[in-house]
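Below is one structure, written out as structure tokens; comments come after it.
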Amino acid sequence: MARDVQLLTKGFSPGKALGLFAKAHPEAGGIASFVGKVRPDSDVKVLELIHYDRLTLPGMERLADEVEGRWQLDGLLIHHRTGHMRPGAPIVLVAAAARHRRDAFEAVDFAMDHLKSRSWFWKREKRGDGWHWIEPREKDHEDVKRWDV
Amino acid sequence: MARDVQLLTKGFSPGKALGLFAKAHPEAGGIASFVGKVRPDSDVKVLELIHYDRLTLPGMERLADEVEGRWQLDGLLIHHRTGHMRPGAPIVLVAAAARHRRDAFEAVDFAMDHLKSRSWFWKREKRGDGWHWIEPREKDHEDVKRWDV
Amino acid sequence: MAVTVIFIGKLADLAGEGERELPAPLDWAGLMAALDPDLAIAAKSQRTMVAVNGEVLADKESLAAKDGDEIALLPPVSGG
Amino acid sequence: MAVTVIFIGKLADLAGEGERELPAPLDWAGLMAALDPDLAIAAKSQRTMVAVNGEVLADKESLAAKDGDEIALLPPVSGG
């Protein structure tokens with residue numbers, strides 16, 4: 001299975017990355033994907049994601065291992081930003097190419113749930129009154145627990 | 001909510017359509033999508049999808065109504081081909097833009113399950129030994145039943 | 001004074017044509033009598049649905065088509 | 001003969017720095033004693049994890065760092 005796991009320090013185009021991913025997997029019957037962006041609807045001026053070299057990318061690779069082990073995929077892409085981002089900027093892109101639709105869907109869903117609350121990133125937002133550290137919502141913890149067996 | 005439901009008679013670029021959809025929804029925190037293609041891994045030479053004017057597009061609009069009623073979305077896109085397609089050609093693109101990730105995921109998952117086995121399309125494949133009508137697999141029926149309440 | 005009957009997918013293969021005109025009014029028994037036996041059997045299958053002017057009938061045996069109506073015989077669907 | 005302690009996220013805010021060198025060897029009690037009380041309380045929180053050279057400790061109180069090791073204090077994560 002072809003795997004493309006990247007920790008990105010600069011802005012990226014999810015559309016372009018998805019197009020290349022689709023081209024790289026002509027054999028797949030379907031491609032599911034998710035793009036997460038900095039929400040522009042609050043008074044957040046900047047979002048910062050912090051990573052720790054010795055854990056973050058190795059952790060993303062381990063997540064990819066787990067996804068590959070659980071679902072039958074032709075390809076898996078996980079791109080995650082680190083650093084400062086403006087509202088509307090893409091933070092994360094996950095895509096899975098598979099012969100069967102449900103494999104692709106579940107792989108992306110699982111990876112997103114884990115990136116959100118069980119990956120080695122720390123997030124803070126700059127609002128009108130300064131910086132605030134963000135922790136996963138209760139919903140995020142519930143989402144990821146769905147996969148615990 | 002902005003909705004884009006189309007029955008397409010010609011080839012299309014899912015990447016391009018997704019890019020435009022993302023641009024049209026800068027306010028969404030996330031976009032989930034699925035692209036289904038004609039599988040190139042069998043001896044299928046051509047796939048034909050047949051539609052019935054008085055049911056197919058109206059049925060897609062009703063499906064969009066149902067999706068909008070069930071999930072909180074900023075935007076919904078459903079593009080589905082009809083006519084003759086070559087292996088590797090895209091058949092269907094569904095995308096949902098939402099504030100919350102799970103809404104976007106479930107909306108796309110639901111729409112795909114319904115397009116697969118409860119929409120007004122009929123499918124046949126031309127193989128080495130002629131044309132064969134294709135019916136949903138048992139798995140497809142099971143998939144869509146998950147949503148029946 | 002005619003009803004149009006649309007055959008879709010494999011029912012069109014069976015019928016050897018995509019549509020046929022039949023005299024109006026037309027009920028289910030009348031439609032079954034007008035179709036070739038093979039086609040009538042396929043139409044009676046639980047998996048074949050019937051629409052009149054784009055409205056799917058909950059009970060196809062309640063068919064009551066009148067002049068200008070379009071009846072569609074719908075085999076099992078498969079999309080995506 | 002030193003251990004590097006990395007403070008991440010809000011722990012770096014509390015520490016007022018991103019990392020600090022402490023004498024090796026260093027165990028959990030030694031680390032707690034070396035940190036400001038606020039930071040020690042945050043480090044003891046059940047929600048703070050500890051990694052040594054990129055390996056997360058199942059039980060942080062079993063910490064036993066030696067010269068050249070890198071200890072990271074990890075507050076609750078949030079990605080995506």
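The analysis underlying the following values was restricted to heavy atoms, covering all of them including side chains, and did not include hydrogens, waters or symmetry mates. Each chain gets a letter, A, B and so on, in the order the sequences are listed, and its residues count up from 1.
A:Lys16 does not touch chain B: none of its heavy atoms, backbone or side chain, sits under 4.5 Å away. Both the backbone and the side chain of A:Ala32 come within contact range of chain B, judged by heavy atoms closer than 4.5 Å. Proximity to chain B is absent for every atom of A:Val38, based on heavy atoms less than 4.5 angstrom apart.
Heavy atoms only, all atoms of each residue included: A:Lys37 and B:His25 are closest at NZ-O, 3.1 Å. Of all the heavy atoms in B:Phe34 and A:Gly30, the pair that sits closest is CZ-CA, 3.6 Å.
Here B:Pro26 is the residue among B:Gly88, B:Ser13, B:Pro26 with the most heavy-atom pairs under 4.5 Å with chain A. By number of non-hydrogen pairs under 4.5 angstrom with chain B, the leading residue of A:Val94, A:Leu18, A:Asp109 is A:Asp109. Of all the listed residues (A:Ala95, A:Ser33, A:Gly15), the one sharing the greatest number of non-hydrogen pairs under 4.5 Å with chain B is A:Ser33. Of the listed residues (B:Ile91, B:Asp140, B:Asp113), the one with the most heavy-atom contacts under 4.5 Å to chain A is B:Asp113.
Judged by distance alone, with hydrogens and angles left aside, the side-chain atoms of A:Arg102 form no donor-acceptor pair with the main-chain N or O of B:Asp143 at under 3.5 Å.
Crowding of A:Arg86 atom CZ: a count of heavy atoms from other residues, nucleotides or ligands under 6.0 Å not exceeding 12. Within a 6.0 Å sphere centred on CD of A:Gln72, other residues, nucleotides and ligands contribute 12 heavy atoms or fewer.
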Please tabulate, one pair per line, all N/O donor-acceptor pairs under 3.5 Å involving side-chain atoms of residues 56-64 of chain B, not counting sequence neighbours.
| residue | atom | partner | partner atom | Å |
| --- | --- | --- | --- | --- |
| B:Thr56 | OG1 | B:Tyr52 | N | 2.8 |
| B:Thr56 | OG1 | B:Tyr52 | O | 3.0 |
| B:Thr56 | OG1 | B:Trp120 | O | 2.8 |
| B:Glu61 | OE1 | B:Arg3 | NH1 | 2.5 |

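Between atom NZ of residue B:Lys116 and atom CZ of residue A:Arg101 there is a gap of 5.5 Å, rounded to the nearest 0.5 Å.
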